[in-house]
Asker: 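Can you keep this structure in mind? I'll have questions shortly.
For the numbers below, each heavy atom of this structure counts, side chains included, while hydrogens, waters and symmetry mates do not.
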Amino acid sequence: MAHGSHEKPVWSAIKKNHNAARPVKTPLSKTSTKVLRKFKELVRRELWTKNDPNHHVDWTDERVWAKITKEGCYHGADEMMVSCGTVTVDQADSPQPKVMLVYNKNIGIYQLPKGRKNFEEGYLEAAVRETAEETGVAVAPLRLRFGSRSTPPKLVQTNAGVKKDNYGVEDTLTGITEGLSNESIGTSECLLIKVHLDPDPATNAWRHIYWFAARPVGDLNRDEGRMPDEEDRTKFTTFWFPEKEAISRLKLEDEKFMVRLTFAYLRNMSASDWESNRGQE
C-alpha cells in the first residue's frame with residue numbers, strides 16, 4: 001500500500017532550456033537547502049525548500065509539463081475507494097500507552113480499524129465512526145504535534161486582542177506548519193510506477209486510506225451496541241497492545257508505519273501540549 005523510499009521524488013532536477021525565451025528570475029542561493037527532518041528513521045521521501053537551486057522548476061520548460069503528464073495519476077470516482085482509519089492510543093500521555101488493533105478472523109490478520117467513508121462525510125468523522133463500528137469502542141480525535149502541509153487558519157482579531165491557536169506558523173520556504181492538530185497523520189495509497197499496483201484485489205479500485213490519531217472515550221471493552229454490522233461483530237475481535245507488540249502483530253507495512261509515526265509524535269509532545277489537550281476534552 002504505502003510506497004517505498006526507493007522511488008524517485010516527483011520533482012527531480014531539470015536542466016533549463018537556454019534557447020527558450022523567459023522572464024529574468026532572481027538569482028538563487030548556491031547552497032542546497034534540504035528540509036531537516038525530525039524523525040529521520042521515518043522519512044519516506046526527500047524534501048527540499050522552495051528556494052533550493054538544485055530543484056528549481058522552470059515552468060517555461062516543456063519537459064516539466066511532459067514529466068507531469070507522464071507521471072500523473074487520475075481516476076474517476078467509481079475507480080477510487082476512499083477509506084479512513086485510526087491509530088487509537090489509550091493513556092497516550094503515560095509511560096505505558098497501548099494501541100488498539102482488531103483481529104480479522106476472515107483473513108487471519110491483525111489490522112488497524114478503518115473503512116470506507118460515507119457520502120457527505122468528512123475524513124476525520126469517517127475514521128472515528130469506522131473505528132467504533134469495527135471495535136465497539138468509542139473514540140475521539142487525539143491532537144498531536146507534527147508537521148502538516150494543510151493551510152493553518154489566520155489569526156482572528158477580537159476585542160480582547162488576537163485570538164491565538166496551537167496550529168503554529170507556516171514555514172514559507174517548506175510550506176510545512178508544525179503544531180497541535182487533528183489533521184491526518186498520513187496516508188496509504190497506490191502509485192503507478194512501471195506497472196499498476198493493485199491494493200484492493202477484490203475490486204481493482206485504487207484505494208486511498210487517510211489515517212488519524214485517536215483516543216478511547218469511556219470503556220475500553222468492546223460494546224457491540226456500537227457495531228451495527230453483524231459481519232463486523234462476527235469477524236473482528238478487539239485487542240490493546242504496547243507499541244512494539246502491536247507492530248510485530250500487524251501484517252501490513254503501511255499500518256506498522258502509521259503506528260511508529262504516531263508513537264514518534266507522542267514522544268514529541270510536551271507537558272504543555274498535553275495540558276492543552278486536556279483543556280479541550
Asker: Minimum heavy-atom separation for Glu134 and Pro113, please, with both atom names.
Answerer: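 Smallest interatomic distance, heavy atoms only, reads OE1-CA, 3.4 Å.
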Asker: Nearest 0.5 angstrom please: Trp211 CH2 to Thr86 OG1, how far?
Answerer: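 OG1 of Thr86 is found 8.0 Å from CH2 of Trp211.
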Asker: Which residues satisfy the side chain to side chain donor-acceptor pair (under 3.5 Å) test with Gln96, sequence neighbours excluded?
Answerer: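 Once residues adjacent in sequence are excluded, Gln96 has no partner under the side chain to side chain donor-acceptor pair (under 3.5 Å) criterion.
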Asker: Do Phe236 and Thr238 come close enough that some side-chain heavy atom pair is under 4.5 Å?
Answerer: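 Answer no - side chains too far apart.
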Asker: Tell me, please, which residues at least two apart from Val89 pass side chain to side chain contact (heavy atoms under 4.5 Å, CB included).
Answerer: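 Only Val87, Ala92, Pro97, Thr262, Phe263, Leu266 meet the side chain to side chain contact (heavy atoms under 4.5 Å, CB included) criterion with Val89.
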Asker: Are Phe241 and Phe239 an aromatic pair by the rule of ring centers under 6.0 Å?
Answerer: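 Ring-ring flag for Phe241/Phe239: true, centres closer than 6.0 Å.
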Asker: Check the hydrophobic clustering (I, L, V, M, F, W, Y; side-chain heavy atoms under 4.5 Å; chains of links allowed) and say if Met81 and Met258 are grouped together.
Answerer: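 No, because Met81 and Met258 fall into different hydrophobic clusters, even though each may have its own neighbours under 4.5 Å.
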Asker: Set out, in order, the CA-CA distance, both residues' side-chain angles and the distance that settles side chain to side chain donor-acceptor pair (under 3.5 Å) for Arg143 and Asn277, then state yes or no.
Answerer: CA-CA 7 Å; Arg143 293 195 313 163; Asn277 277 358; 2.9 Å; yes
Asker: Hey, could you give me the OG1/CD1 distance between Thr187 and Ile209, rounded to the nearest 0.5 Å?
Answerer: 9.0 Å
Asker: So that I can tick it off, tell me whether Glu125 and Arg129 are bridged by a salt bridge, with the cut-off set at under 4.0 angstrom between side-chain N and carboxylate O.
Answerer: no
Asker: Using a 3.5 Å distance criterion without hydrogens, assess whether the side chain of Trp65 forms a donor-acceptor pair with backbone atoms of Trp59.
Answerer: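 Present.
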Asker: Considering non-hydrogen atoms only, spot the tightest contact between Pro141 and Arg215 and give its length.
Answerer: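 In this case the closest contact between Pro141 and Arg215 is O-NE, 3.7 Å.
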Asker: Should Tyr265 and Met269 be regarded as members of a common hydrophobic cluster, given that ILVMFWY residues are connected when their side-chain heavy atoms come within less than 4.5 Å of each other, either directly or indirectly?
Answerer: yes
Asker: How long is the span from the CD1 atom in Ile176 to the CZ atom in Arg149, to the nearest 0.5 Å?
Answerer: 4.0 Å
Asker: Might you point out which heavy atoms bring Ala126 and Lys117 nearest each other, and give the distance in Å?
Answerer: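 The pair with the smallest heavy-atom distance is CB-CB, 3.7 Å.
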Asker: Compare every heavy atom of Phe257 with every heavy atom of Leu42, then report the nearest pair and how far apart it is.
Answerer: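 Where Leu42 meets Phe257 most closely, the heavy atoms are O-CE1, 3.4 Å.
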Asker: Output yes when a side-chain donor or acceptor of Trp206 lies under 3.5 Å from a complementary backbone atom of Val82, and no otherwise.
Answerer: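 Not confirmed, Trp206 side chain does not pair with Val82 backbone.
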Asker: How about Met227 and Arg222: do any of their side-chain heavy atoms sit closer than 4.5 Å?
Answerer: yes
Asker: Quick one, Val99 with Thr88, criterion side chain to side chain contact (heavy atoms under 4.5 Å, CB included). Give me CA distance, side-chain angles, the key distance, then yes/no.
Answerer: CA-CA 6 Å; Val99 61; Thr88 297; 5.8 Å; no
Asker: Inspect the contact between Arg278 and Asp93 and indicate whether a charged nitrogen and a carboxylate oxygen are less than 4.0 angstrom apart.
Answerer: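 Yes, this pair counts.
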Asker: Looking only at atom types and distance, does a side-chain atom of Thr174 sit under 3.5 Å from a main-chain N or O of Thr49, one as donor and one as acceptor?
Answerer: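 Not confirmed, Thr174 side chain does not pair with Thr49 backbone.
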Asker: Determine, using the 4.5 Å side-chain heavy-atom cutoff (strictly less than), whether Ile185 and Ile247 are members of one ILVMFWY cluster.
Answerer: yes
Asker: Using side chain to side chain contact (heavy atoms under 4.5 Å, CB included), reason through Phe212 and Asn182 one step at a time and then give a plain yes or no.
Answerer: CA-CA 7 Å; Phe212 297 86; Asn182 292 327; 5.8 Å; no
Asker: Indicate, with yes or no, if Val57 and Ile68 share a hydrophobic cluster defined by side-chain heavy-atom contacts under 4.5 Å among Ile, Leu, Val, Met, Phe, Trp and Tyr.
Answerer: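 Yes, because Ile68 and Val57 connect within a single hydrophobic cluster, where side-chain heavy atoms sit under 4.5 Å apart.
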Asker: Do any N or O atoms from the side chain of Thr234 and from the backbone of Glu230 form a donor-acceptor pair under 3.5 angstrom?
Answerer: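 At least one qualifying donor-acceptor pair exists.
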Asker: Are the side chains of Asn268 and Phe146 in contact, using a 4.5 Å heavy-atom criterion?
Answerer: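 Contact flag for Phe146/Asn268 side chains = no.
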Asker: Could you list the residues that satisfy salt bridge (charged side-chain N to carboxylate O under 4.0 Å, His left out) with Glu243, not counting sequence neighbours?
Answerer: Arg267
Asker: What distance separates Tyr210 OH from Glu183 CD, expressed to the nearest 0.5 Å?
Answerer: 11.5 Å
Asker: Kindly indicate whether the side chain of Met100, heavy atoms from C-beta on, has any atom under 4.5 Å from the side chain of Thr131.
Answerer: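 SC-SC contact between Met100 and Thr131 confirmed.
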Asker: With a 4.5 Å heavy-atom cut-off, do Asp219 and Val137 have their side chains touching?
Answerer: no
Asker: So does Glu71 pair up with Lys67, basic N to acidic O under 4.0 Å?
Answerer: yes
Asker: Considering residues at least two apart in sequence or located in another chain, which fulfil the side chain to side chain contact (heavy atoms under 4.5 Å, CB included) criterion with Asn106?
Answerer: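 In terms of side chain to side chain contact (heavy atoms under 4.5 Å, CB included), with neighbours along the sequence ignored, Asn106 is linked to Asn104, Glu231, Lys235.
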Asker: Identify, with sequence neighbours excluded, every residue that meets ring pair (Phe, Tyr, Trp, His ring centres under 6.0 Å) alongside Trp274.
Answerer: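 Not a single residue meets the ring pair (Phe, Tyr, Trp, His ring centres under 6.0 Å) criterion with Trp274.
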Asker: What residue among Arg207, Glu130, His208 forms side-chain hydrogen bond (donor to acceptor under 3.5 Å, both in side chains) with Ser83?
Answerer: Arg207
Asker: Between Asp90 and Lys98 (salt bridge meaning N to carboxylate O under 4.0 Å), is one present in this structure?
Answerer: no
Asker: Report the distance from atom OG of Ser188 to atom CD of Glu255, rounding to the nearest 0.5 Å.
Answerer: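 So the gap between those two atoms works out to 7.0 Å.
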Asker: Please determine whether side chain to side chain contact (heavy atoms under 4.5 Å, CB included) holds for the pair Leu101 and Gln111, giving the CA-CA distance in whole Å, both sets of side-chain angles, and the decisive distance to 0.1 Å.
Answerer: CA-CA 6 Å; Leu101 304 185; Gln111 299 174 284; over 6 Å; no
Asker: Can you tell me how far apart OH (Tyr110) and OG (Ser248) are? Round to the nearest 0.5 Å.
Answerer: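 Spacing of OH (Tyr110) from OG (Ser248) equals 9.5 Å.
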Asker: Ignoring hydrogens, what is the shortest heavy-atom contact between Leu250 and Leu112? Give both atom names and the distance.
Answerer: CD2-N, 3.9 Å
Asker: Between Glu224 and Arg226, does at least one N-O distance fall below 4.0 Å, as a salt bridge requires?
Answerer: no
Asker: Take atom NZ in Lys105; do more than 12 heavy atoms of anything else shown fall under 6.0 Å from it?
Answerer: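 Enclosed: over 12 neighbouring heavy atoms sit under 6.0 Å from NZ of Lys105.
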Asker: Can you find a heavy atom in the side chain of Ser148 that is under 4.5 Å from one in the side chain of Thr177?
Answerer: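 Sidechains of Thr177 and Ser148: no contact.
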Asker: Before you tell me yes or no, could you show the steps for Leu144 and Leu180 under side chain to side chain contact (heavy atoms under 4.5 Å, CB included), namely the whole-Å CA-CA distance, both residues' side-chain angles and the distance that decides it to 0.1 Å?
Answerer: CA-CA 5 Å; Leu144 296 178; Leu180 286 172; 5.7 Å; no
Asker: Run the salt bridge (charged side-chain N to carboxylate O under 4.0 Å, His left out) test against Asp229 and tell me which residues pass, sequence neighbours left out.
Answerer: none
